[in-house]
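Structure, as structure tokens:
Counting convention: from 1, in listed order, for ligands and their atoms alike.
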Amino acid sequence: MSTPLTAVVVGAGDMGSRHARHWAAAGARVLAVVDPDLPRAEASAHETGAQAMIDLHEALALRPDVVSVCTPTFLHAPTTIAALDVGAHVLCEKPAALSLADAYAMREAATAAGRELRIGFMRRFDPVLDALLEAGARSGRPLLAQATITAGIRPKRLMHDAHANGGPIIDMCCHLFYVWGLLFDGQPTEVAARGYTFSDGKPEVAHIAHRALDSALITLAYPGGTVGQVQVSWGLPSGVAPVERHTYVGPDGLVTVDWPERVVRFDGQGEHVWTQSGSDPWKGQIDAFHAELTAAAPRRVASIDDGIDALRTSLAVLRSVAEGRPIALADVASGDPPAAVAEGLDGDADAGALLEAGT
Ligand SMILES: NC(=O)c1ccc[n+]([C@@H]2O[C@H](COP(=O)([O-])OP(=O)(O)OC[C@H]3O[C@@H](n4cnc5c(N)ncnc54)[C@H](O)[C@@H]3O)[C@@H](O)[C@H]2O)c1
């Protein structure tokens, strides 16, 4: 029997505990789960037979084959780079980072180390994506696309912090931008957006010094005439349940999506309904990465370049809001975050203070 792959998971919250469980189920040996919140690390470690640790470098000294980075987003770059520097492959949760400078530094570290660096766009492993890609392909081009992604104020306050997880334009829209990159065969050329903070005056987030934009209407122009419009908000009253609905209109049909449960395509022959329940795309993603690393399976897990593409679009949206004009994607370059999120993203933010303030 061959030696099992060894894994370390950094961050033992919702995502980290999933990653640890799925690495173990895939046949990897989870060496350590790291979290400054030791009881959280212990709970996940207990489930997977790993050691619980609070110190990243102690865990990296175990020389794992692969590291899952599941910390808040502002810590993705330093954690990922430290893991690559000890020779580990990395699966970093989405979004890649908050700034292109950080994302490029991550990519450079992976190239220098000769290791894989992937971003957790687990929607690649959700059957709803394949159903949408098929329905979209049958609907002709160009497509006129609309997506509505809404929720009440997020219970995890760091998600509203521009310096921690970046707010929905970075944290949530990256999923949609990744999906649309696949569906529309490329990245947008131009975006135009108006942004709002519907959370103004809501006491749950009043303590956050750098509260992110939480609502926007975004128009994205794709090559070939396809155009997408996104209505996004995390600023609705607490308790309003999350909704994600898409509509695609093309010359050969109409597609509606209730993500991730249902895709319906309407054409001249009638209504074609696809439904699912119970898939676990996070598990599918880790099974696929495990197979890539141990059995040379075809490469399917999203790349750091996919993470950079989605982040560049998010940053273009934020810049469009800040400057009140359309932004060409070609003008959004490395080290060039828009004013709305630029302050404090140079890697010297006080992590402890952010975590304390945001939770
Ligand atoms: N793929 C998805 O669908 C999906 C869903 C939710 C979150 N995410 C992403 O996953 C990441 C984590 O989100 P989450 O929902 O698990 O958050 P969470 O708050 O549940 O967990 C984050 C954990 O990181 C820990 N942490 C903080 N600083 C740390 C450090 N220096 N070292 C190690 N651990 C540290 C926290 O104590 C916490 O336990 C974020 O980047 C988020 O955007 C992805």
[X] heavy atom under 4.0 Å from ligand 1:
X: P95; value: yes
X: L56; value: no
X: F121; value: no
X: H76; value: yes
X: R123; value: no

Heavy-atom nearest neighbour of [atom] within options [options]:
atom: atom 34 (N) of ligand 1; options: P36, P39, G166, G16; value: P36
atom: atom 11 (C) of ligand 1; options: D171, T71, T73; value: T71
atom: atom 43 (O) of ligand 1; options: E93, K94, M15; value: K94
atom: atom 20 (O) of ligand 1; options: R154, M172, K156; value: K156

Run the numbers for me: atoms of ligand 1, each under 4.0 Å from some heavy atom of [X], listed by number.
X: V34; answer: 33 (C), 34 (N)
X: P72; answer: 24 (O), 26 (N), 27 (C)
X: G11; answer: 24 (O), 33 (C), 34 (N)
X: W282; answer: 1 (N), 2 (C), 3 (O)
X: L75; answer: 28 (N), 29 (C), 30 (C), 31 (N)
X: M122; answer: 1 (N), 3 (O)
X: G120; answer: 1 (N)

| Criterion side chain to side chain donor-acceptor pair (under 3.5 Å) on S279 and Q276, from CA distance to verdict | CA-CA 8 Å; S279 75; Q276 72 155 345; 3.2 Å; yes
Side-chain H-bond candidate by donor/acceptor type, [X] with [Y], under 3.5 Å:
X: H19; Y: E93; answer: yes
X: S17; Y: S44; answer: no
X: S139; Y: D252; answer: no
X: S303; Y: R118; answer: no
X: S68; Y: W23; answer: yes
X: T6; Y: D65; answer: yes
X: H272; Y: D267; answer: yes

| field | Contact check, side chains of M53 and L62, non-hydrogen atoms, under 4.5 Å | value |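 A side-chain contact exists here, since the closest heavy-atom pair is under 4.5 Å.
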| Are any non-hydrogen side-chain atoms of L217 and Q229 less than 4.5 angstrom apart? |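 Yes, their side chains come closer than 4.5 Å.
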